[in-house]
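In what follows, residues are counted from 1 in the order of the sequence shown.
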Amino acid sequence: MEKKTSIRGKMMKIFAVLVMFTGIIIAAPLFMFFWREYKSVLRSYLKDVDYQTTNSLENNIKKTEDFSLKILTSQVIQNAVNEVNKKQMNYYELLEYQKRIEKEIAVDALSSSYVVSVSVITDNECEFSVKKHEIGGTQFGFVKEEIYAGNGSLLWTTLKTKNRICAARAILDLETMQPIGYINIVYEKEYLTNILTDNFVEYVGVSYLVDDGGYIMAASDEKYTRKYLENTPDKLRDKEDISYDVLSGTRCYYYVGNRMENGWTLVQLASVKEFNKTMYWILQIIIIILIMTLGAGVLLVWLATSHIAKPTRILVESMKQLAKDGKYPRVQITSNDEIGWIGTEYNKMAENIEEMIEKVYKMELSEKQARLEYLQMQINPHFLYNVLDTISWMAIAEGKQEISEMTIALAELLRAIIKNDHFITLREEMVVVKDYLMIQSERFEDKILVNYDIEEKAYEYLVPNFILQPLIENAIIHGLEPKVGVGRLGIQIKLIQDRMHFMIEDDGVGMTETEVHTLRQRCSQDRAGNAIGLINVYKRLILCYGEDSRLIIESKKDVGTKIRFSIPLRQI
């Protein structure tokens, strides 16, 4: 006999192997690949720093873009510059235009703590400036021709004095789009360098902004500013290995960000020496944690297997007692894992078995009762047929042909009602309908006019027995009978694609929306009320064909009612 092994024993073996294997997998590659992988960690880290710093820089650049655009599109500036360009003005006239221009730019110029000066220079070299804490002439980073060549785009450069930042832009006439002057904005170096300085982290030694030609516009360390790199940003971006930085004289990693809209690129240098110090410290911590984890893992495995195995033992004991002495015990669910799910499903299974046994027992009793009732019911129809046949012959003997026809129709209708066939042809069903309508015509005489619109091919397809008469009866009793005057009843049956579509329509008293809603609820909830036949048809259609054959009831008060449904085509 094969020796049984408990789940806990298997789990202990598996977990023990996994713990040892995991330790080896972690330790060996850690020493082999750690120095190779840490560079990619650094690059990822620098990428995040670059993203945040670039956003801050672009925000400042965007502020300058918006500020300069506001100036050059100002109608006051446009008019004043054009007027100054047109003619030679005396001192007082220039003073008047100076007041206008400086008033227009003063608010925005003075609102920024980093702005040194904002100047508007006309095409004929007249300068109008707003300055803060500045004595002496305006500093320029570009000549007029360079600015005009930019055709309205914002140009940036670094000034020799205090490494200040200069931004210039041509003022274009809004009608001719020709240059009529230019804007010159001077910022303190801190406008950009403060962002680069805030970018300083443990690994990043220097951050600087460089243009497409390799010229450094601003840097966190001033010794880099206004220097030319040996390589352009695109070439630096291709550097994957450690490179020697000429400007700092150290071995560094380069991280080159994406090119900004104004053509600048953020470059970050990470010192290899500083980064290695941190890596050594992290490596020591990892080794200590790994040893502690391996020791704790063995203990946790032992505790975990004990906790997992307990509910499985309870479940097995409960299964052994299942169905013994007519008992179906349940297990108490204490976890929300796979074992807990099994316990839940086991409880459902035990409950379903009990319910199924009870249902089978009740069905056996119901079946016996139904057989007795069916045998009793077989006696009554034969008696009724004989009575109706006798009445028919008596009517013929008395010369009452109409009574005889009604009696025969009633007998045929009774046969259809108790007929044992579940499905009959539409032709047979229409015979039942016409027998019923003949009886009703004797009752209502000419009050009801019936219109048949039945596709000829439909007669040979099968339909549920006695499916139309209850709907027609419902239309007559609840729709046409209460109506004053002649009523019309329409019976339409059409074949569309692979389904047979039925519509019973009357122009009777109709129903309100509330009444229609109530009738639908009665059908779905099996509440008969005064619509027993309608509910019977509703339930039989759902049982035979599913939800696709549900009755559709449409009605309007004092207009009439339509009942529609469709069934799949089925031949004999």
Side-chain angles (χ1 to χ4, degrees), residues 400-414 416-417 426-456 458-459 463-494 500-523 527-541 549-567:
K400 305 292 185 179
Q401 186 64 31
E402 292 180 354
I403 295 175
S404 174
E405 291 176 356
M406 284 186 62
T407 305
I408 293 171
L410 181 59
E412 293 299 324
L413 193 59
L414 180 61
I417 292 174
L426 179 63
R427 191 181 303 281
E428 293 174 304
E429 179 70 10
M430 291 308 300
V431 170
V432 174
V433 170
K434 291 178 180 179
D435 285 340
Y436 172 76
L437 289 174
M438 188 194 77
I439 296 172
Q440 293 294 348
S441 67
E442 293 297 329
R443 176 186 176 193
F444 294 103
E445 297 182 349
D446 295 331
K447 183 178 179 178
I448 300 176
L449 300 179
V450 183
N451 178 54
Y452 297 94
D453 182 10
I454 303 174
E455 194 169 332
E456 187 64 30
Y459 282 111
V463 298
N465 184 19
F466 214 66
I467 200 69
L468 293 178
Q469 187 277 336
L471 302 180
I472 295 170
E473 180 180 358
N474 189 75
I476 292 174
I477 294 175
H478 301 293
L480 298 176
E481 183 176 355
K483 179 180 178 179
V484 177
V486 177
R488 289 176 173 78
L489 175 68
I491 303 173
Q492 185 185 81
I493 304 174
K494 297 291 183 181
M500 187 184 299
H501 292 258
F502 298 81
M503 184 175 71
I504 309 300
E505 180 180 14
D506 68 77
D507 62 353
V509 296
M511 294 179 285
T512 64
E513 287 292 332
T514 302
E515 291 172 329
V516 172
H517 179 70
T518 301
L519 181 57
R520 289 172 181 153
Q521 283 188 322
R522 288 176 178 173
C523 289
R527 293 164 54 195
N530 58 357
I532 297 175
L534 188 67
I535 293 176
N536 180 279
V537 173
Y538 181 93
K539 294 296 183 183
R540 285 199 291 146
L541 285 173
S549 297
R550 182 186 295 271
L551 286 179
I552 300 173
I553 304 172
E554 301 173 356
S555 184
K556 289 186 178 180
K557 193 68 176 177
D558 300 324
V559 175
T561 302
K562 292 181 183 179
I563 298 180
R564 297 182 288 111
F565 67 94
S566 67
I567 62 174

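Expressed to the nearest 0.5 Å, how far OG of Ser441 lies from CG of Leu449 amounts to 11.0 Å. In this structure, CZ in Phe565 is found 9.5 Å from CE in Met500, a value given to the nearest 0.5 Å.
Taking all atoms of both residues into account, the shortest heavy-atom contact from Tyr452 to Lys434 is OH-CG, 3.6 Å. Shortest non-hydrogen contact noted between Glu473 and Tyr436 is CG-OH, 3.0 Å. What you find for Gly560 and Ser555 is that their closest heavy atoms are O-OG, 3.2 Å. Here the closest heavy-atom approach between residue Leu480 and residue Gly487 is recorded as CD2-CA, 3.8 Å. Smallest separation of non-hydrogen atoms from Arg540 and Pro464: NH1-CB, 4.2 Å.
Applying the side-chain contact (heavy atoms from CB on, under 4.5 Å) test between Ile476 and each of Leu471, Val450, Leu437 identifies Leu437 as the sole match. Test Val433, Ile563, Ile477, Asp506 against Ile472 for side-chain contact (heavy atoms from CB on, under 4.5 Å) and you get one pass: Val433. Screening Gln492, Glu505, Glu554 against Arg564 for a side-chain hydrogen bond (donor to acceptor under 3.5 Å, both in side chains) leaves a single residue, Glu554. Checking Asp558, Val559, Ile553 one by one against Met511, the side-chain contact (heavy atoms from CB on, under 4.5 Å) holds for a single residue, Ile553.
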Check: What's the verdict on side-chain contact (heavy atoms from CB on, under 4.5 Å) for Asn474 and Ile504, showing C-alpha distance, side-chain angles and the deciding distance?
Finding: CA-CA 10 Å; Asn474 189 75; Ile504 309 300; over 6 Å; no
Next item on the list: Check the pair Ile467, Leu541 against side-chain contact (heavy atoms from CB on, under 4.5 Å), reporting the backbone distance first and the verdict last.
Entry: CA-CA 9 Å; Ile467 200 69; Leu541 285 173; 4.1 Å; yes
Notebook entry, point to check: After noting the C-alpha distance and the side-chain angles of Phe502 and Val463, does the key distance pass the side-chain contact (heavy atoms from CB on, under 4.5 Å) rule?
Noted result: CA-CA 11 Å; Phe502 298 81; Val463 298; 3.9 Å; yes
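Of the possible polar contacts, none joining the Ser566 side chain to the Ser549 backbone as a donor-acceptor pair under 3.5 Å is found. At least one donor-acceptor pair under 3.5 Å links the side chain of Glu515 to the backbone N or O of Thr512. Asp507 places a side-chain N or O within 3.5 Å of a backbone atom of Arg488 that can act as its donor or acceptor partner.
By the 6.0 Å contact criterion, NZ on Lys447 is enclosed, its count of non-hydrogen atoms from other residues, nucleotides or ligands being greater than 12. Counting heavy-atom neighbours within 6.0 Å of Lys556 NZ, excluding the residue itself, gives a total of 12 or less.
With contacts defined as side-chain heavy-atom distances shorter than 4.5 Å, the pair Leu519/Thr561 does not qualify. Looking only at side-chain heavy atoms (C-beta outward), Asp453 and Lys494 come within less than 4.5 Å of each other. Side-chain atoms of Leu468 and Met430, non-hydrogen and from C-beta on, do get closer than 4.5 Å to each other.
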